[in-house]
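Below you'll find the structure, written out as structure tokens, and then a few comments.
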Amino acid sequence: MSAIQNQPVSRDQAKVMRRADLTRRLVARLKHEEAVIGGIGFSNFDLFGAGHRAQNFYMLGSMGLAVPIALGVALAQKQRRVFALEGDGSLLMQLGALGTVATQRPTNLCIVVLDNGAYQITGGQMAASGAGTDLIAIARASGLAQSAWAADETAFEEMVDRALTEDGPFVIGCRIDNARPEKQTPRDPSRIRDDFMRGLGVKK
Amino acid sequence: MSDGRADPQDGQMDAAPAASAEWPDQLFALLKSHDIRQVALVPDAGHSRLIRRCEADQAMRVISLTTEEEGIALLTGAWMGGQKGVLLMQSSGVGNCINMLSLAIIHRTPMPMLVTMRGDFGEFNPAQVPMGNATQTVLEAMGTLVKRADRPEDVVPTADATIRLAFNTFRPTATLIGQRVLGAKTFGK
């Protein structure tokens with residue numbers, strides 16, 4: 001995403017897209033057992049709804065930690081691409097993690113921010129992102145130069161393709177709707193962890 | 001942020017181990033012996049020599065965090081990805097981690113923490129006392145197995161036990177390195 005001139009310059013100019021559709025588009029492009037960390041709430045419900053993969057880790061709590069979990073995986077497995085799917089409210093809770101990623105510069109990490117400007121799962125209360133806080137601008141200012149809003153679905157897919165083939169770290173901002181998720185992730189934390197480790201080849 | 005920085009009140013640094021103390025170098029050797037690859041930390045003067053040793057080691061990755069709870073997540077990711085890590089922090093940073101320890105507890109992931117204590121022996125800063133006094137209690141309330149080291153010769157064996165317990169039994173564990181080991185700050189010197 002060195003060429004960011006074709007991207008919208010601000011959150012206001014990005015198209016509002018369907019969260020579940022974007023998640024399916026992302027998962028459809030993962031052909032090499034890429035790891036995906038699904039942040040709490042609808043982010044990981046939709047990840048599960050897009051079809052369970054052994055390389056998915058679903059967060060049940062610890063709001064805001066999808067990015068540092070993904071960073072730990074990315075540093076441990078440098079040959080594997082790692083995605084963090086994180087909501088705007090969650091990322092707002094751990095903005096410092098963007099600086100930590102910028103410091104470590106993992107080339108195999110991509111953060112996808114799903115931004116509907118609200119805490120949707122608790123009733124749609126407005127988050128700071130809904131009042132003007134631009135998370136992509138914050139990511140850039142944190143030192144993550146390859147950060148951009150996805151103008152539309154086509155742009156999103158192009159940005160994912162770059163994150164799959166070029167050196168990161170990347171941050172892709174997506175404005176999303178507030179639809180209910182189609183499914184909920186089963187809440188069995190031991191199994192979630194065990195499946196993920198087997199999916200990453202760490203456990204046999 | 002832990003206040004392991006220069007204190008404007010009297011211009012001294014917080015207590016770091018004396019140059020003659022052997023345990024910081026032994027602690028580094030211990031981390032190597034356990035094949036620790038990711039060292040997550042918010043800096044503390046008590047860990048300064050250990051941090052320098054880790055930064056100089058090609059096989060170790062030092063991850064300087066913006067807040068300690070990032071370290072709980074990072075070590076979870078590291079271990080699930082096949083690498084072992086430790087979290088180094090000051091006792092004040094423990095307070096930042098408490099809710100996030102649920103991650104290690106529910107997923108049963110090893111979470112060894114090496115904590116340098118403030119506010120527990122000869123503390124000069126009132127702000128360090130509440131969290132320092134509560135560190136062990138709140139860690140234990142969140143399911144962490146806690147051991148203390150209050151003599152220099154106890155630091156490495158206790159840390160060894162803490163690291164083994166974390167990786168063998170899949171849970172958060174902590175060694176609290178007492179302020180008595182680090183050297184209580186003295187005024188006018």
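Keep in mind that this is a model prediction, so the values were computed, not measured. To find a chain, count down the sequence lines: A is the first, B the second, and so on, and within it residues start at 1.
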If the cut-off is 3.5 angstrom, what donor-acceptor pairs do you find between chain A and chain B?
{"residue": "A/Gly72", "atom": "O", "partner": "B/Gln38", "partner atom": "NE2", "Å": "3.2"}
{"residue": "A/Gln77", "atom": "NE2", "partner": "B/Gly81", "partner atom": "O", "Å": "3.1"}
{"residue": "A/Gln94", "atom": "NE2", "partner": "B/Glu69", "partner atom": "OE2", "Å": "3.0"}
{"residue": "A/Thr100", "atom": "OG1", "partner": "B/Glu70", "partner atom": "OE1", "Å": "2.7"}
{"residue": "A/Thr100", "atom": "OG1", "partner": "B/Glu70", "partner atom": "OE2", "Å": "3.2"}
{"residue": "A/Gln104", "atom": "O", "partner": "B/Arg61", "partner atom": "NH2", "Å": "2.7"}
{"residue": "A/Gln104", "atom": "OE1", "partner": "B/Arg61", "partner atom": "NE", "Å": "2.6"}
{"residue": "A/Gln104", "atom": "OE1", "partner": "B/Arg61", "partner atom": "NH2", "Å": "3.2"}
{"residue": "A/Gln104", "atom": "NE2", "partner": "B/Val62", "partner atom": "O", "Å": "3.2"}
{"residue": "A/Pro189", "atom": "O", "partner": "B/His107", "partner atom": "ND1", "Å": "2.9"}
{"residue": "A/Arg193", "atom": "NE", "partner": "B/His107", "partner atom": "O", "Å": "2.9"}
{"residue": "A/Arg193", "atom": "NH2", "partner": "B/His107", "partner atom": "O", "Å": "3.4"}
{"residue": "A/Arg193", "atom": "NH2", "partner": "B/Arg108", "partner atom": "O", "Å": "2.9"}

task = Identify which of A/Gly61, A/Ala97, A/Gly99 forms the greatest number of heavy-atom pairs closer than 4.5 Å to chain B.
result =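 Going by pairs under 4.5 Å, I would pick A/Ala97.
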
query = Among A/Ala76, A/Ala70, A/Ala74, A/Ala35, who wins on heavy-atom pairs under 4.5 Å with chain B?
reply =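 Top option by heavy-atom pairs under 4.5 Å: A/Ala76.
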
[atom1] of [X]: more than 12 outside heavy atoms within 6.0 angstrom?
X        : atom1 : answer
A/Gln13  : CD    : yes
A/Arg29  : CZ    : yes
B/Met142 : CE    : yes

At a heavy-atom separation under 4.5 Å, does [X] approach chain B through its side chain, its backbone, both, or neither?
X        : result
A/Met63  : backbone
A/Ile192 : side chain
A/Leu200 : side chain
A/Val202 : side chain

Non-hydrogen side-chain atoms of A/Leu65 and B/Met100 separated by less than 4.5 Å =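 Yes - at least one pair of side-chain heavy atoms lies under 4.5 Å apart.
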
ask   = Any side-chain hydrogen bond (donor to acceptor under 3.5 Å, both in side chains) pairs touching residues 121-139 of chain A, not counting sequence neighbours?
value =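 As it turns out, the side-chain hydrogen bond (donor to acceptor under 3.5 Å, both in side chains) pairs with a partner in residues 121-139 of chain A, which skip direct neighbours, are A/Asp88-A/Ser129, A/Thr122-A/Gln125, A/Asp134-A/Trp149.
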
request  = Check the pair A/Ile69 / B/Leu103 against side chain to side chain contact (heavy atoms under 4.5 Å, CB included), numbers first and verdict last.
outcome  = CA-CA 10 Å; A/Ile69 292 173; B/Leu103 190 64; 3.8 Å; yes

key: Option in B/Gly77, B/Gly71, B/Ala78 with maximal non-hydrogen atom pairs under 4.5 Å from chain A   =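 The option with the most such pairs is B/Gly77.
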
message = Under the ring pair (Phe, Tyr, Trp, His ring centres under 6.0 Å) definition, can you give me all pairs with a residue in residues 73-104 of chain A, not counting sequence neighbours?
response =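 Output for this query is empty, none listed.
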
request  = Apply side chain to side chain donor-acceptor pair (under 3.5 Å) to A/Asp177 and list each qualifying residue two or more places apart in sequence or on a separate chain.
outcome  =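 So A/Asp177 forms no side chain to side chain donor-acceptor pair (under 3.5 Å) with any residue.
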
